[in-house]
Amino acid sequence: MSPKGKRGTMASEFFEKVWDVVAEIPMGKVTTYGHIAAFLGNKRGARTVGWAMKAAPGPHLPCHRVVNRKGELTARNRFATPHLMEERLRSEGITFKPDGCIDMKAHLWVPGE
DNA sequence: GCGCTGACAAAAA
DNA sequence: TTTTTTGCCAGCG
């Protein structure tokens with residue numbers, strides 16, 4: 001299967017789970033690495049979640065809806081840059097604080113809902 | 001084959 | 001309360 005599917009070789013099961021959760025984030029909402037990690041069972045595996053984002057399978061993955069605990073945009077890959085994320089998040093209804101961080105209490109989404 | 005780095009977060013001091 | 005250390009796991013030198 002997989003017309004171009006060379007994913008099983010580079011990504012672990014954990015990575016695919018992260019992509020699956022991120023893909024379910026509703027528009028106008030954001031989540032944090034820690035929440036995804038905890039949902040997958042790795043409470044302190046937030047770093048590994050960030051790795052999965054960096055290793056994103058494609059630009060269709062809403063990695064721009066994943067931010068850190070501070071609500072700051074830290075993404076860095078060919079599909080998403082912090083600047084691009086800000087534009088995109090605002091386009092979806094996300095509001096930023098003067099501090100430059102996302103208003104978490106207003107847009108924080110939790111996996112599993 | 002071994003060690004360091006890295007889109008983070010939480011517990012300990 | 002703030003600062004420091006530890007934990008996670010895969011990619012890269």
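In the text below, chain A, chain B and the rest are named by the order of the sequence lines, each starting its count at 1. Computed over heavy atoms, backbone and side chain alike; hydrogens, waters and symmetry mates excluded.
- The nucleotide whose nearest atom lies closest to any side-chain atom of A:Thr48 is, among C:dC8, B:dC8, B:dA11, C:dC8.
- The CZ atom of A:Arg76 sits 16 Å away from the C1' atom of B:dC8 (whole-angstrom rounding).
- Between A:Arg90 and A:Glu86 there is a salt bridge, since at least one side-chain N of the basic residue sits less than 4.0 Å from a carboxylate O of the acidic one.
- Straight-line distance from the CD1 atom of A:Ile36 to the C1' atom of B:dA7: 11 Å, rounded to whole Å.
- Separating the CH2 atom of A:Trp19 from the C1' atom of C:dA10 is a distance of 12 Å, rounded to the nearest angstrom.
- Backbone-only contact: A:Arg69 has heavy atoms under 4.0 Å from sugar-phosphate atoms and none from a base.
- Across all strands shown, B:dG3 forms a Watson-Crick or G-U wobble pair with C:dC12, both key distances being under 3.5 Å.
- Of the candidate nucleotides B:dA10, B:dA7, B:dA9, B:dA9 has the atom nearest to the side chain of A:Thr32.
- OP1 and OP2 of B:dA9 both lie 4.0 Å or more from every side-chain N or O belonging to A:Lys70.
- Separating the CG atom of A:Leu84 from the P atom of B:dA7 is a distance of 18 Å, rounded to the nearest angstrom.
- Taking only side-chain atoms of A:Cys63, from C-beta outward, the nucleotide of B:dA11, C:dC8, B:dA7 with the closest atom is B:dA7.
- Atom P of B:dT5 sits at a distance of 15 Å from the matching atom of C:dT5, rounded to the whole Å.
- Between the side chain of A:Thr32 and the backbone N or O of A:Arg69 there is no donor-acceptor pair closer than 3.5 Å.
- When the options A:Val18, A:Ile25, A:Leu61, A:Leu73 are evaluated for a side-chain contact (heavy atoms from CB on, under 4.5 Å) with A:Val66, the one that passes is A:Ile25.
- Among the nucleotides C:dC8, B:dA9, B:dA7, the one closest to any side-chain atom of A:Asn42 is C:dC8.
- Rounded to whole angstrom, the span from the CD atom of A:Glu72 across to the C1' atom of B:dA9 amounts to 16 Å.
- Along DNA chain C, the nucleotide nearest to A:Phe14 and the one nearest to A:Arg44 differ in position, and the one closer to the 5' end is contacted by A:Arg44.
- In terms of position on DNA chain B, the residue among A:Lys43 and A:Ala80 whose nearest nucleotide sits closer to the 5' end is A:Ala80.
- When each of A:His107, A:Glu92, A:Lys29 is checked for a side-chain contact (heavy atoms from CB on, under 4.5 Å) with A:Arg65, only A:Glu92 meets the rule.
- In this structure, A:Arg47 and A:Trp51 both approach DNA chain C, and ranking their closest nucleotides by distance from the 5' end singles out A:Arg47.
- Closest to the side chain of A:Asn77, out of C:dC8, B:dA7, B:dG6, is B:dA7.
- Distance from the side chain of A:Met53 is smallest for B:dA7 among the nucleotides B:dA7, B:dA11, C:dA10.
- The listed nucleotides are B:dA7, B:dA9, B:dA11; the one nearest the side chain of A:Ala46 is B:dA9.
- Closest of all the heavy-atom pairs between A:Phe39 and A:Gly112 is CE1-CA, 3.7 Å.
- Summarising the geometry, atom CG belonging to A:Asp99 is positioned 4.0 Å from atom SG belonging to A:Cys101; distances are rounded to the nearest 0.5 Å.
- Rounded to an integer number of Å, the gap from A:His35 NE2 to B:dA9 P is 10 Å.
- Distance CE (A:Met85) to P (B:dA7): 13 Å, rounded to an integer number of Å.
- Distance check on atom C1': C:dT4 versus B:dA7 gives 22 Å, rounded to whole Å.
- For C:dA10, the OP1/OP2 oxygens have a side-chain nitrogen or oxygen of A:Ser12 closer than 4.0 Å.
- Between the side chain of A:Tyr33 and the base of B:dA7, a donor-acceptor pair under 3.5 Å is found.
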